[in-house]
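Residue numbers start at 1 and run along the sequence shown.
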Amino acid sequence: MAEAPASETILLVDAAPLQCSTVGQYLRDCGYRVIEATAAAEAITALSHQDIEILVADIALRDESGFQLSAKARKFGLSLRSW
């Protein structure tokens, strides 16, 4: 497994805290800096205060969809790909 550059930060958003922390720990083990959020509102706060390179979001969040969050993330200059 290749190490991620130290400068890459992932914003991980999932409404299930256990799932979020499990995936977050895996990404940390791969060398990424990870910021976790369990709601879109938390994610928007992180986007406004942190340099985020990658957004990984569940589609079904408590306060809005992952698609809506992605659209808002683009306003912060985050270049996103969907797959």
Taking Thr9's backbone N and O only, do any of them form a donor-acceptor pair with Glu53's side chain (distance below 3.5 Å, no angle check)? yes
Calculate, to the nearest 0.5 Å, the distance between atoms CG and CG belonging to Leu12 and Leu55 respectively. 9.0 Å
Between CG on residue Leu47 and CD on residue Glu42, distance to nearest 0.5 Å: 12.0 Å
Identified side-chain contact (heavy atoms from CB on, under 4.5 Å) partner of Ile10 from the options Ile52, Ile35, Val23, Ile54: Ile54
Do you know which two heavy atoms are closest between Val13 and Ala43, and how far apart they sit? CG2-CB, 3.7 Å
Quick check on Gln50: does its CD atom have over 12 non-hydrogen neighbours (other residues, nucleotides or ligands) under 6.0 Å away? yes
Would you check if there is a donor-acceptor pair between the side chains of Ser21 and Gln25 at a distance under 3.5 Å? no
Residue set satisfying salt bridge (Lys or Arg N to Asp or Glu O under 4.0 Å) with Arg28, at least two apart, ordered chain then number -> Glu36
About how many Å separate CG of Leu69 and CD1 of Ile59, when rounded to the nearest 0.5 Å? 11.5 Å
Heavy-atom closest contact (Cys20 atom, Ala37 atom, distance): SG-O, 3.7 Å
Taking all non-hydrogen atoms of both residues, which atom of Ala60 and which atom of Ala15 are closest, and how far apart? O-CB, 4.1 Å
Using modelled atom types only, decide if a donor and an acceptor are shared between the side chain of Gln68 and the backbone of Ser65 within a distance under 3.5 Å. yes
For a quick test of reading the model, state the closest non-hydrogen atom pair linking Ala57 to Gly66 and the distance between them. CB-CA, 4.5 Å
If you measure from CG on Leu11 to CZ on Phe76, what distance do you get to the nearest 0.5 Å? 10.5 Å
Is the side chain of Asp63 donor-acceptor paired with the backbone N or O of Ala40 at a distance under 3.5 Å, no angle test? yes
Measure the spacing between NE2 of His49 and CD1 of Ile44 and express it to the nearest 0.5 Å. 12.0 Å
Atom OG1 of Thr22 and atom CG of Leu27: how far apart are they, to the nearest 0.5 Å? 11.0 Å
